[in-house]
Amino acid sequence: MDVPPATPLDGAIATLRDTTELNDERLAALFEAAFVDTYRRVIDDDPSVQARVDLSSGSCTMYRRGPDGDDVRIDVDVPDFPRQAAHAAREAVATALREAGKDRVLREASLHRGELIDAIVDRHAGPVWYLRAAELRVLLPPEEQIPGEELVPGSHLKVMVLEGRRRTQDAVVVVSRSHPQLLRLLLEQEVPEVANGQVVVRGIVREAGRRSKVAVEAADPAVDARGACIGPRGVRHRAITSVLGQEQVQIVAWSPDPATYVANALAPATVRHVELDQDSRTATVSVDDDQLSLAIGRGGDNARLVARLCGWRIDVVAAEPSG
């Protein structure tokens with residue numbers, strides 16, 4: 001079947017070729033598959049039928065392989081065939097473009113996995129928030145949100161890329177506000193000594209929206225690791241916490257000595273003594289009476305975070321009166 005000029009099929013080929021980002025080889029393959037499917041559905045369910053499309057002329061030839069191996073052209077005299085074939089071609093191209101769009105999003109997500117990106121809050125659908133980052137469709141699911149954080153459409157938000165997720169109609173980049181590594185990325189952004197390796201992050205524990213602790217060590221003995229992260233007059237620390245709303249972020253000096261590490265991590269409480277029981281992995285921490293509630297924290301959150309950060313069960317007790 002050679003399609004004469006100005007038929008629906010000819011117009012579909014020309015229009016789709018001009019407006020799609022698919023290359024000619026991919027377009028021709030889509031058209032041919034669509035035309036064969038239409039022929040088998042509308043005219044004859046013949047599995048030997050094939051199609052050959054010439055994009056430059058906008059023509060399509062239907063044929064089948066003859067007994068001697070030669071192509072035998074099929075004359076199609078069904079008036080409605082060009083319209084239905086054109087419709088099938090448009091649907092095939094639309095589907096291919098959707099899949100290409102999904103693949104592009106998934107590639108971008110893979111390239112930027114684990115990175116900190118700036119996004120703009122767009123809208124929400126139930127508990128899910130949609131963000132925009134360049135041309136990417138970004139999804140912030142409930143489990144990756146900071147509990148209690150109020151998002152405002154149009155506001156800027158720093159998020160960490162987790163993964164790409166393919167859905168029925170599209171694909172999205174899934175991001176997080178609550179992941180512990182978001183803190184590491186913020187430190188790398190705000191603290192040059194962390195970015196260049198002079199200060200090493202040895203551990204991060206986080207209860208998003210409430211409290212976090214970051215243990216740091218100086219790879220260069222001349223550098224004050226904790227001071228570098230806090231910055232002059234606390235400017236670097238404020239830059240980090242300003243991104244996280246009401247969340248308290250404590251910078252802890254890491255130590256190879258477990259007792260010292262536990263004492264450092266219990267800040268802002270002042271510790272009198274730490275006794276370690278290796279068998280039970282328990283650190284019994286002695287503090288003055290006025291430091292008990294500070295060491296334990298609201299709802300036990302300070303001691304709980306220290307246990308996770310240091311790897312010891314924390315037992316806070318009142319110190320024996322001196323003298």
Side-chain angles (χ1 to χ4, degrees), residues 109-119 133-134 144 146 149 155-162 175-271 274 283 285 294-295 297 301-312 314:
S110 178
L111 286 172
H112 297 289
R113 182 178 291 124
E115 292 183 6
L116 186 71
I117 63 170
D118 291 305
E144 299 300 336
I146 294 178
E149 183 175 47
S155 61
H156 288 259
L157 207 62
K158 289 188 183 294
V159 293
M160 187 185 87
V161 176
L162 292 182
V175 298
S176 178
R177 288 275 292 159
S178 62
H179 199 288
Q181 291 306 310
L182 180 68
L183 259 179
R184 181 189 296 272
L185 296 172
L186 291 172
L187 280 163
E188 291 175 354
Q189 178 177 271
E190 300 296 338
V191 183
E193 291 86 348
V194 173
N196 65 26
Q198 288 180 292
V199 172
V200 179
V201 176
R202 296 299 301 261
I204 298 175
V205 289
R206 188 176 179 205
E207 291 184 357
R210 294 186 59 190
R211 198 168 191 167
S212 298
K213 291 180 183 283
V214 182
V216 294
E217 178 193 18
D220 181 347
V223 175
D224 174 7
R226 187 168 176 273
C229 293
I230 294 172
R233 295 178 298 279
V235 63
R236 294 173 177 175
H237 185 263
R238 284 195 300 275
I240 293 167
T241 56
S242 67
V243 175
L244 302 175
Q246 300 301 312
E247 187 172 328
Q248 298 179 37
V249 178
Q250 293 175 298
I251 307 298
V252 174
W254 182 86
S255 172
D257 174 54
T260 302
Y261 187 24
V262 168
N264 291 346
L266 274 167
T270 300
V271 173
V274 177
V285 182
L294 201 58
D301 63 352
N302 195 45
R304 183 169 60 248
L305 284 173
V306 172
R308 289 169 52 196
L309 184 67
C310 300
W312 291 80
I314 305 299

Inset, instruction - Classify the side-chain pair Q248/S212 by whether it contains a donor and acceptor separated by less than 3.5 Å. - result: no

Inset, instruction - Give a yes or no on whether the backbone of V249 and the side-chain of H237 come within a donor-acceptor separation of less than 3.5 Å. - result: yes

Inset, instruction - Give, for atom CD of E247 and atom OG1 of T241, the distance between the pair rounded to the nearest 0.5 Å. - result: 9.5 Å

Legend entry - Backbone N/O of H179 and side chain of R206: donor-acceptor pair under 3.5 Å: yes

Inset, instruction - State the CG-CD1 distance between L182 and I240, to the nearest 0.5 angstrom. - result: 10.5 Å

Inset, instruction - State whether E149 and R177 are salt-bridged, where the test is any N-O pair (Lys NZ or Arg NE/NH1/NH2 against Asp/Glu carboxylate O) under 4.0 Å. - result: yes

Legend entry - Single hit among D220, V200, V216, V199 for side-chain contact (heavy atoms from CB on, under 4.5 Å) with E193: V199

Legend entry - Euclidean distance, L309 CG relative to R202 CZ, rounded to 0.5 Å: 11.0 Å

Inset, instruction - Starting at CG of L266, measure out to CG of L294 and round the result to the nearest 0.5 Å. - result: 9.5 Å

Legend entry - E115, CD atom: more than 12 neighbouring heavy atoms under 6.0 Å: yes

Legend entry - Spacing of I230 atom CD1 and Q250 atom CD [to the nearest 0.5 Å]: 10.0 Å

Inset, instruction - Take R184 and L187, measure what side chain to side chain contact (heavy atoms under 4.5 Å, CB included) needs, and give me the verdict at the end. - result: CA-CA 5 Å; R184 181 189 296 272; L187 280 163; 5.5 Å; no

